[in-house]
Amino acid sequence: MSVTKLAQGGTALSGGAFDKKGVFHLCDSQTGAVYRVDNEELVEMFNTHGQPTAVDFDPVSGAMHICDLFHQSILRVEGFSEDGGGPVLSEVVKEFNRIPLQGPHSLAFDREGSLYFTDGGALGQSTLAAPSGSVFAVSCEHSVMQPMALSSLAQPSGWASTALSLSIFVLTHQLSPSLFSTSLYQETTKFP
């Protein structure tokens with residue numbers, strides 16, 4: 001197995017994903033920059049003026065979505081302004097039951113375009129002693145948001161899913177890393 005360096009730079013790079021064209025994108029949670037990798041270079045596309053921690057792309061629309069701790073929301077790139085002033089960002093999710101999110105950290109889409117994300121806030125906000133982190137699902141069909149784990153996880157921050165089984169894996173950490181796993185059965189992923 002060989003490892004190839006794709007690019008170099010940034011200060012706190014995280015949350016990368018490929019778009020439909022196979023271009024890799026990632027963000028810098030310290031500077032607010034969102035990058036694409038082009039010819040072994042990090043090219044800054046725009047800045048959220050926040051603390052982005054992850055990007056992913058809706059497989060249906062192709063739209064980029066960004067977790068941002070500072071804005072405490074999931075942002076969607078609607079397009080770019082005609083005057084060259086940067087992206088047009090909209091807040092897709094900012095609250096649940098009229099309570100603001102703590103700060104989304106990781107996200108993923110399933111093949112149909114439903115969105116799954118962790119919400120644990122800034123490091124130390126959700127702890128083993130006082131777990132307040134959550135995992136949410138947003139249905140692509142009805143735009144219904146449902147908690148999968150509500151205010152019960154210590155700093156949920158990593159995300160992985162598999163197409164081989166209907167399972168998701170959420171990494172939680174605080175003092176000692178642990179892995180929280182839950183299965184998504186058809187009843188769970190089908191929304192009313």
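This chain uses plain numbering: 1 for the first residue, then up along the sequence. Because the structure is a prediction, the values reported are computed rather than measured.
To the nearest 0.5 angstrom, Arg76 atom CZ is 8.0 Å from Asp58 atom CG. Atom OG1 of Thr53 is separated from atom CG of Asp28 by 11.5 Å, given to the nearest 0.5 angstrom.
Side-chain heavy atoms closer than 4.5 Å link hydrophobic residues (I, L, V, M, F, W, Y) into clusters, and following such links, even through other members, never connects Phe24 to Phe57. The cluster map of Ile, Leu, Val, Met, Phe, Trp and Tyr, joined by side-chain heavy atoms under 4.5 Å apart, puts Val34 and Leu26 in different clusters. Using a 4.5 Å cut-off between side-chain heavy atoms of Ile, Leu, Val, Met, Phe, Trp and Tyr, with links allowed through other members, Leu150 and Phe117 fall into the same hydrophobic cluster. Under the 4.5 Å side-chain heavy-atom criterion for grouping Ile, Leu, Val, Met, Phe, Trp and Tyr, Leu75 is connected to Phe46 within one hydrophobic cluster. The cluster map of Ile, Leu, Val, Met, Phe, Trp and Tyr, joined by side-chain heavy atoms under 4.5 Å apart, puts Val55 and Phe80 in the same cluster.
Remark: the Gln51 side chain and the Ser29 side chain contain no N/O donor-acceptor pair separated by less than 3.5 Å.
Closest heavy-atom contact between Pro52 and Ser14: O-OG, 4.3 Å. The two residues Ser106 and Ala54 make their nearest non-hydrogen contact at CA-CB, 4.1 Å. The nearest pair of heavy atoms linking Gln72 to Pro104 is C-CD, 3.7 Å.
Judged by distance alone, with hydrogens and angles left aside, the side-chain atoms of Asp38 form no donor-acceptor pair with the main-chain N or O of Glu41 at under 3.5 Å. A donor-acceptor pair under 3.5 Å links the side-chain atoms of Ser61 to the main chain of Ala63, judged by distance alone. Looking only at distances, a side-chain donor or acceptor of Asn47 sits under 3.5 Å from a matching main-chain atom of Thr31. In this structure, the side chain of Asp119 engages the main chain of Gln102 through a donor-acceptor pair within 3.5 Å. Using modelled atom types, no side-chain atom of Ser151 and backbone atom of Gly133 make a donor-acceptor pair closer than 3.5 Å. With His25 contributing its side chain and Val23 its backbone, the two residues share a donor-acceptor pair below 3.5 Å. A donor-acceptor pair is defined here as one N or O able to donate and one able to accept, closer than 3.5 Å; such a pair exists between the side chain of Asp110 and the backbone of Ser114.
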Evaluate the side chain to side chain contact (heavy atoms under 4.5 Å, CB included) criterion for residues Met145 and Val93: first the C-alpha distance (whole Å), next the side-chain angles of each, then the deciding distance (0.1 Å), finally the verdict.
-> CA-CA 9 Å; Met145 184 168 153; Val93 181; 3.4 Å; yes
List the steps and the verdict of side chain to side chain contact (heavy atoms under 4.5 Å, CB included) for Val77 and Leu89.
-> CA-CA 5 Å; Val77 177; Leu89 298 173; 3.7 Å; yes
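Tyr35 has its side chain within reach of Leu13: a pair of non-hydrogen atoms, C-beta onward, lies under 4.5 Å apart. Contact of the Ile74 side chain with the Cys67 side chain is registered, since non-hydrogen atoms from C-beta on lie closer than 4.5 Å. You'll find the side chain of Val43 stays beyond 4.5 Å of the side chain of Val37, heavy atoms only.
The aromatic ring centres of Phe96 and Phe136 sit less than 6.0 Å apart. Checked against a 6.0 Å centroid threshold, the rings of His65 and Phe109 count as neighbours.
A salt bridge between Asp19 and Lys21 is absent, with no side-chain N of the basic residue lying under 4.0 Å from a carboxylate O of the acidic one. The residues Lys94 and Glu91 are annotated as salt-bridged, a charged nitrogen and a carboxylate oxygen being separated by less than 4.0 angstrom.
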